[in-house]
Structures are given as structure tokens and as C-alpha cells.
2 protein chains.
Amino acid sequence: MAVQGTRRPTLAGVAERAGVSLKTASRVLNGEPNVAEATRERVREAATALGFRRNAVAADLARGGASRLLGFISGDIANPFYSALASGIERVARDNDLQLITTSCDEDPERERLLTEELLERRVGGLVVTPTTGDHARLAGELAAGTPVVFVDRPASGLEADTVVIDNRGGIRAAVRHLSYHGHRKIAFVGDNPEVWTFRERRAAFLDVMDELGNRDAQRWVRSGAHDAREARSLVAGLLDGPEPPTAVLAENNRVTAGALRALADVAGGERIALVGFDDFDLADLLGVTVVSYDAVEMGRRAAELATSRYDPATPPRTVTLETRLIPRGTGERRL
Amino acid sequence: MAVQGTRRPTLAGVAERAGVSLKTASRVLNGEPNVAEATRERVREAATALGFRRNAVAADLARGGASRLLGFISGDIANPFYSALASGIERVARDNDLQLITTSCDEDPERERLLTEELLERRVGGLVVTPTTGDHARLAGELAAGTPVVFVDRPASGLEADTVVIDNRGGIRAAVRHLSYHGHRKIAFVGDNPEVWTFRERRAAFLDVMDELGNRDAQRWVRSGAHDAREARSLVAGLLDGPEPPTAVLAENNRVTAGALRALADVAGGERIALVGFDDFDLADLLGVTVVSYDAVEMGRRAAELATSRYDPATPPRTVTLETRLIPRGTGERRL
DNA sequence: TTGTATGCGTTATCAA
DNA sequence: TTGATAACGCATACAA
């Protein structure tokens with residue numbers, strides 16, 4: 001048992017106690033072959049007696065190259081979406097004997113840059129990033145140096161790199177068609193900030209499908225700027241209170257869905273207004289909300305697989321697109 | 001720009017290019033004083049020209065002692081409770097210039113042990129653990145060696161160490177009294193497995209308060225074994241379907257609450273049965289569920305503060321108990 | 001203000 | 001089957 005003040009036992013200490021050289025002790029403790037069984041036993045005993053625990057920091061340095069660490073830069077780890085990503089990444093990390101460093105950049109480009117730098121200083125063997133709107137060209141050198149940098153949920157700007165996204169357009173298409181099939185024409189699209197890539201993708205798809213369905217002026221049904229549930233609530237409230245209230249609301253993400261639900265609960269007859277949300281959420285079944293669902297854990301897993309697979313920087317970047325799935329609950333209208 | 005195959009630029013390289021010694025380059029790049037401004041400038045230029053990025057692995061090894069890493073062993077990072085903890089820990093880590101390694105042990109003692117070992121090999125400067133039921137006496141030596149190990153949400157067994165918990169008993173007391181105040185006598189307590197410390201605490205409090213209120217036989221209202229929402233649903237369904245259905249259900253955690261909600265939705269008149277849940281959750285307001293709430297992010301923060309504050313292993317372990325808060329929504333009965 | 005020398009605890013090379 | 005010795009890249013007494 002180590003005691004405070006006392007140094008921790010080292011491999012050299014184990015070797016000395018076992019009466020062998022450093023290299024032999026190393027061989028034994030790393031399970032390498034070509035060591036006599038008797039020697040092996042003596043080293044093991046010495047290690048246990050001293051309470052030896054290998055120093056992974058020293059090992060990483062000696063080995064050279066990357067450390068056995070993987071980096072993940074999320075927007076906010078407390079957000080269920082990001083923690084689902086983290087969960088998928090973690091599993092792949094585990095399978096590859098890597099430890100995962102998680103960080104949150106609060107959607108702040110400058111903070112993302114700082115975190116990237118810190119993780120690269122740690123010589124991570126791979127980096128998974130949910131990119132903010134900033135430019136990522138600065139990472140070109142690192143990519144060329146062989147560090148796999150993978151972007152997830154949205155692509156980086158100014159850089160060609162491996163990317164994992166979902167089929168946003170397909171998801172929106174399914175949602176709008178679902179509502180249309182159930183007779184809705186006045187469909188409002190409520191979302192986050194237009195700076196966000198996913199918002200733009202989803203809005204574009206919304207306009208496309210509405211156009212295909214004969215609604216050439218869908219732009220007037222679009223509302224943006226709802227970054228949290230509270231803002232979404234007032235945005236939807238405004239729609240319902242306006243001159244031409246929609247009969248259906250398409251919420252661009254789960255925060256908007258939550259806000260929309262509250263707005264609908266606030267007005268008389270709100271339960272007769274249909275609601276479809278992008279992103280599934282807990283208890284959506286109870287609230288009878290039809291959603292566009294996808295597997296965020298799988299998304300993390302795929303990203304981590306790209307980030308851990310050794311690759312040739314010369315090969316063109318890969319893009320993985322995951323499918324979405326419409327989960328109809330009722331007829332698009334909520335049944336409370 | 002580094003190119004693949006090429007080694008990464010080192011401090012020595014920067015020093016050489018700037019025509020100074022290693023130590024001087026180190027001084028400049030670490031912002032230490034006592035360097036001529038001209039020298040400083042030359043070193044900076046050399047660093048930029050070479051695309052130098054310090055190697056944190058080497059720095060940690062050279063500095064000796066612990067690495068600038070913090071470890072967190074959660075049950076499952078995809079679980080909102082654990083990711084809230086992670087969020088709090090992450091903020092403290094950031095403030096202390098530490099990087100956070102997050103792991104999930106899936107509530108498996110053996111896996112927790114393995115993860116602990118791996119993190120200690122990484123020489124983490126602190127370790128936050130949500131302990132499983134296994135014994136933790138093996139960590140005594142590490143504690144004595146000066147690594148702050150902090151347990152959060154429940155105490156470790158077989159080891160005296162810093163711990164952060166919430167006031168489970170107070171929370172249950174408030175919940176039962178709330179229901180009692182609103183006229184309920186037949187209150188069922190539905191929870192997870194009795195192996196889980198928090199369950200035992202909460203059940204004990206439930207029985208105490210029921211006893212105080214004159215219900216001496218509350219044991220028959222206790223149901224356990226609901227580890228997920230599905231199991232909770234059938235457990236509650238069984239209660240409602242039994243010979244003497246309760247008029248109120250106290251759910252021991254948010255998974256049970258979700259299951260109970262579904263069970264109540266399944267039966268006629270279910271909306272007249274009161275429900276109070278331990279743990280607040282998203283959209284609880286919409287569903288009209290009264291809850292016992294507490295701040296999981298704060299819990300993580302407090303744990304991380306204990307794990308980062310240098311302390312004397314000789315001082316007795318500290319226990320931080322965080323308050324809970326009853327959030328009444330309606331009269332304890334749901335208003336849908 | 002600047003530099004020299006040594007150590008951190010491993011892994012890896014190459015020889016014995 | 002084993003071992004001596006040199007990296008790995010930086011920090012830090014101590015000197016100049």
C-alpha cells in the first residue's frame with residue numbers, strides 16, 4: 001500500500017525486487033511472450049507486494065505517437081442528444097481500449113477552438129466534434145498529420161473531413177407528408193436559429209416538400225429563432241394568436257416541441273392542432289406526439305468508428321448518413 | 001504545418017530555431033517572467049512557424065504527481081441524471097484547468113473496479129464515482145496516497161471517503177406529507193431494487209413517515225424491483241388491479257414515474273389517482289406531476305470541488321448533503 | 001536574463 | 001530467455 005509522501009511504486013522498483021531487469025518486468029506485466037514461468041511468477045509477486053500500478057502517462061509518452069485517449073467536443077453534455085452521442089462514442093472507445101475525454105463548448109466557436117487545442121495537446125488518438133458555425137480550416141494540418149477528426153450531426157465548414165449526419169431532408173419530408181396525408185395544409189415550421197446547419201437543412205426540405213404539395217408560399221409559415229423551449233412557446237403562441245393560425249405545427253427539434261406543447265396547452269382548442277416533432281423524446285407516447293426519430297447513440301458510435309479507424313489522409317473524406325424514422329402517434333394530431 | 005510521417009515539432013525544435021535554450025523556450029511558452037522581450041518574440045515566432053503545440057502527456061510526466069485529468073465513473077452517461085452530474089463536474093474541471101474522462105460502469109461492480117483501475121493508471125488528479133454495491137475498501141491505499149476519491153449520490157461501502165448525497169429522507173417526507181395533506185391514506189411506494197442504497201433510504205423514510213401519520217402497516221404498500229419504466233408500469237398496473245388499489249402512488253425515481261404514468265393512463269379513472277415522483281423531469285409540468293426535485297448539476301459540482309481541493313488524507317472525510325424541494329403541481333393529483 | 005543537466009516511468013532497440 | 005541503454009518531450013533545480 002502506498003503511503004502519502006512516498007512515491008508510487010515503479011516498474012524499476014518491481015524489477016529490482018524481483019531481481020530482474022526493467023525490460024523483463026515490462027515483458028511480464030504486459031503479457032509479452034518469451035519469459036520463463038518462474039521469472040514471470042517472481043515479477044508478478046513483486047508487483048502485487050509493492051501494489052504496483054502502471055503509469056499510463058509514461059507509457060503513452062514512451063510509445064510515442066498518439067495517447068490512448070479519444071476526445072469529444074459536444075455542445076453541452078447535459079443535453080440528452082449530446083449525452084446519447086457520448087454514450088455511443090464511449091462504447092467504441094471501450095472496444096478500442098481508449099479513454100474518452102468529454103467537453104462542452106456551449107456552441108461557442110471560440111471555446112470550441114480552445115477545447116480542440118487542449119485535446120490535441122493531449123495527443124488524442126481521435127477527435128469527434130459537433131462543430132459550431134466557425135471555420136475549421138485550421139484543422140487541415142492536424143488531419144494531414146494523421147489525427148482522425150470526425151464531425152457529427154453537422155459538417156464542418158472550410159474543411160473536408162469525415163462526417164456523420166442524419167437524413168434531415170428525408171425526416172422532414174416524411175413529417176410533412178404525414179401531416180398532408182391527414183389533411184393539413186396550413187403547416188407551420190418552427191425552429192432554432194438559421195445559423196445552425198441542421199435548421200437550414202430542415203427548413204429547405206420543408207419548403208421543398210410544401211412546394212411539391214402545391215403550397216408555393218410556405219415561406220410565410222416558417223418561424224425561426226427559438227433556441228430554447230421558452231422562446232418556442234411564445235413563437236407558437238404568436239402563430240396561434242395570429243390572423244391565420246396553422247392547423248399543424250412542425251417543430252424542428254425537441255426543445256421547440258416542448259415549447260409548442262406548452263403553447264398548445266395554453267389556448268382553447270389547442271388539442272385539436274396537430275404537432276409533429278423532430279427528435280423523439282421521453283414520454284412522447286403519453287403526450288401523443290408524432291415524431292421523426294433517429295438513433296443518436298448509433299450516430300456517436302459511427303463517428304467514433306471513423307475516429308478510431310486508422311486511415312490514409314490521402315483518401316477522400318467519408319460521409320455517413322443515418323436514416324430517420326417517422327413514429328406516428330395518432331393521426332398526427334395529439335390525443336391527450 | 002506538420003505532415004504525416006513527419007514528427008511533430010517539439011520544444012527543442014522551437015528552441016533551436018529561435019536560437020535559445022530549451023529552458024528559455026519553455027519559459028516563453030509557459031508565460032514565465034524574466035525573459036527579454038526580444039527573445040520572447042523570437043521564440044513565439046519560431047513556435048508559430050513550426051506549428052508547435054505542447055505535449056500535455058510529456059508535461060504531465062515531467063511535472064510528476066498527478067496528471068491534469070479528472071475521472072468520473074457514472075452508471076450510464078446516456079442517463080440524464082448522470083449526464084447532469086457530468087455537466088457539473090465538467091465545469092469545475094474547466095475552472096481548475098483539468099480535462100474530464102467520463103466512463104460508464106453499467107452499475108456493474110466488476111466493471112466499476114476495472115474503470116477505477118484504468119483511471120488510476122492514468123494518474124488522474126481526482127476521481128468522482130457513483131458507486132455500485134460492491135466493496136470499496138481496496139481504494140483506501142489510493143486515498144492515503146493522496147488521490148481525492150469522492151462518492152456521489154450514494155456512499156461507498158467499506159470505505160470512509162468524501163461523499164455527496166441528497167437529503168433522500170427529507171424529500172420523501174415532504175412527498176408523503178403532501179399527499180397526506182391532500183387526504184390520501186392509501187399511498188403506494190414503488191421503487192427500484194432494494195440493493196440500491198437510495199431505494200433503501202427512501203423506503204425507510206416512507207415507512208417512518210407513514211408510521212408517524214398513523215399508518216403502522218405501510219410495508220404492504222411497498223413495491224420494489226422496478227428497474228426500468230416497463231417493470232414499473234406492470235408493478236403499478238398490478239397495484240391498481242389488486243384488491244385494494246391505492247389512491248396515490250409515490251414513485252421512487254423518474255423511470256418509475258414514467259412507468260406509473262403509463263399504467264395510470266391505461267386504466268379507467270387513472271387520472272384521479274395522485275402521483276408524486278422523486279426526480280423532476282422534462283415536461284412534468286405538462287403532465288401535472290408533483291415531484292421531489294434537486295439539483296443534479298450542483299451535486300456534480302460539489303463532488304468535483306471535493307475531488308479537486310487538495311486535502312490532508314488525515315482529516316476525516318466530509319459528507320455534503322444537498323436539499324430537495326417539493327414542486328407541487330396541482331394538489332398532488334394530476335390535472336391532464 | 002539565460003542555460004545545463006537531470007529526472008519523470010515507461011517502451012523499444014539491439015545485443016548477449 | 002534476459003538485459004543494458006537509449007529514447008519519448010517536457011519541467012525544474014541549480015548555475016552562470
Side-chain angles (χ1 to χ4, degrees), chain A residues 2 6-43 46-47 50-69 97 118 120-125 145, chain B residues 2 6-43 46-47 50-69 97 118 120-125 145:
Chain A
T6 307
R7 306 193 86 82
R8 289 189 148 76
T10 68
L11 193 55
V14 173
E16 188 185 19
R17 175 159 182 142
V20 299
S21 77
L22 194 60
K23 178 59 193 168
T24 299
S26 169
R27 279 197 187 92
V28 174
L29 297 175
N30 287 324
E32 288 172 31
N34 296 330
V35 179
E37 196 47 52
T39 318
R40 209 173 273 281
E41 201 49 47
R42 259 189 304 144
V43 171
L50 264 50
F52 173 75
R53 181 179 286 131
R54 76 203 293 263
N55 184 329
V57 176
D60 274 353
L61 179 60
R63 199 179 302 115
S67 62
R68 301 213 61 79
L69 293 165
D97 196 25
E118 288 177 359
L120 292 176
E121 286 185 356
R122 190 61 68 183
R123 296 298 187 265
V124 290
Chain B
T6 307
R7 308 192 84 81
R8 288 190 148 75
T10 69
L11 192 55
V14 173
E16 188 186 17
R17 176 161 182 139
V20 299
S21 77
L22 193 63
K23 175 61 193 166
T24 299
S26 169
R27 279 198 186 90
V28 174
L29 297 175
N30 287 324
E32 288 172 33
N34 297 331
V35 179
E37 196 47 52
T39 318
R40 209 173 272 281
E41 202 48 49
R42 258 189 305 143
V43 171
L50 263 49
F52 173 76
R53 180 179 287 131
R54 76 201 295 262
N55 184 330
V57 175
D60 273 353
L61 180 60
R63 197 179 304 112
S67 62
R68 301 213 61 79
L69 293 166
D97 195 26
E118 288 177 359
L120 292 176
E121 287 186 356
R122 190 61 67 183
R123 295 297 187 266
V124 290

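In the text below, chain A, chain B and the rest are named by the order of the sequence lines, each starting its count at 1. Hydrogens, waters and symmetry mates play no part in the numbers below; they use all other heavy atoms, side chains included. Model, not experiment: these values are computed from the prediction.
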Check your understanding: Charged N to carboxylate O below 4.0 Å: is that the case for Asp60(A) and Arg122(B)?
Key ->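 Looking at Asp60(A) and Arg122(B), the cut-off is met.
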[N] [atom2] sits how many Å from [X] [atom1], rounded?
X	N	atom1	atom2	answer
Glu37(B)	dT1(C)	CD	P	11 Å
Arg42(A)	dT1(D)	CZ	C1'	12 Å
Leu22(A)	dG9(C)	CG	C1'	8 Å
Asp60(A)	dG9(C)	CG	P	15 Å
Glu16(B)	dC10(D)	CD	P	14 Å
Asn34(A)	dG3(D)	CG	P	14 Å
Glu41(B)	dT1(C)	CD	P	16 Å

Answer yes or no: does a side-chain N or O of [X] lie under 4.0 Å from OP1 or OP2 of [N]?
X	N	value
Thr39(B)	dT1(C)	no
Asn30(B)	dA11(D)	yes
Ser26(A)	dT11(C)	yes
Ser21(A)	dA4(D)	no

What pairs of nitrogen or oxygen atoms, one from the protein and one from nucleotides 7-9 of chain D, lie under 3.5 Å apart?
from   : atom 1 : to       : atom 2 : distance (Å)
dC8(D) : O2     : Ala62(A) : N      : 3.4

If every non-hydrogen atom of [X] is compared with every non-hydrogen atom of [Y], which pair is closest and at what distance?
X	Y	answer
Arg8(A)	Ala145(B)	NH2-CB, 4.2 Å
Gly51(B)	Pro9(B)	O-CG, 3.5 Å
Val57(A)	Ser67(B)	CG2-CB, 4.1 Å

Point to revise | Side chains of Arg17(B) and Val14(B) in contact at under 4.5 Å (non-hydrogen atoms) | key: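 When only atoms from C-beta onward are counted, Val14(B) and Arg17(B) do not touch, as no gap falls below 4.5 Å.
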Nearest 0.5 Å, what's the [atom1]-[atom2] distance between [X] and [Y]?
X	Y	atom1	atom2	result
Leu22(A)	Arg27(A)	CG	CZ	10.5 Å
Glu37(B)	Thr39(B)	CD	OG1	8.5 Å
Arg54(B)	Leu29(B)	CZ	CG	9.0 Å

Check your understanding: Got more than 12 heavy atoms from elsewhere within 6.0 Å of CD, Glu121(A)?
Key -> yes
Study note, to complete from the structure: The bend of the helix from dT1(C)-dA16(D) to dA16(C)-dT1(D), taken between the axes of its five terminal pairs at each end and rounded to 10°, is 30°
Exercise for review: May I ask you to say what Val20(A) touches in the nucleic acid, namely base, sugar-phosphate or nothing, with a heavy-atom cut-off under 4.0 Å?
Suggested key: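 Val20(A): backbone/sugar contact only, no base atoms under 4.0 Å.
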Show the distances under 3.5 angstrom between N or O atoms of the protein and N or O atoms of nucleotides 13-16 of chain C.
none

Check your understanding: Can you tell me if Arg68(B) uses its side chain to pair, donor with acceptor, with the backbone of Asp97(B) under 3.5 Å?
Key ->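 Yes.
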Point to revise | Side-chain donor/acceptor of Arg42(A) to backbone N/O of Ala18(A), under 3.5 Å | key: yes
**Study point:** From Thr24(B), Asn30(B), Val28(B), residue fulfilling side-chain contact (heavy atoms from CB on, under 4.5 Å) relative to Ser26(B)
**Key:**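 Among Thr24(B), Asn30(B), Val28(B), the one meeting side-chain contact (heavy atoms from CB on, under 4.5 Å) with Ser26(B) is Asn30(B).
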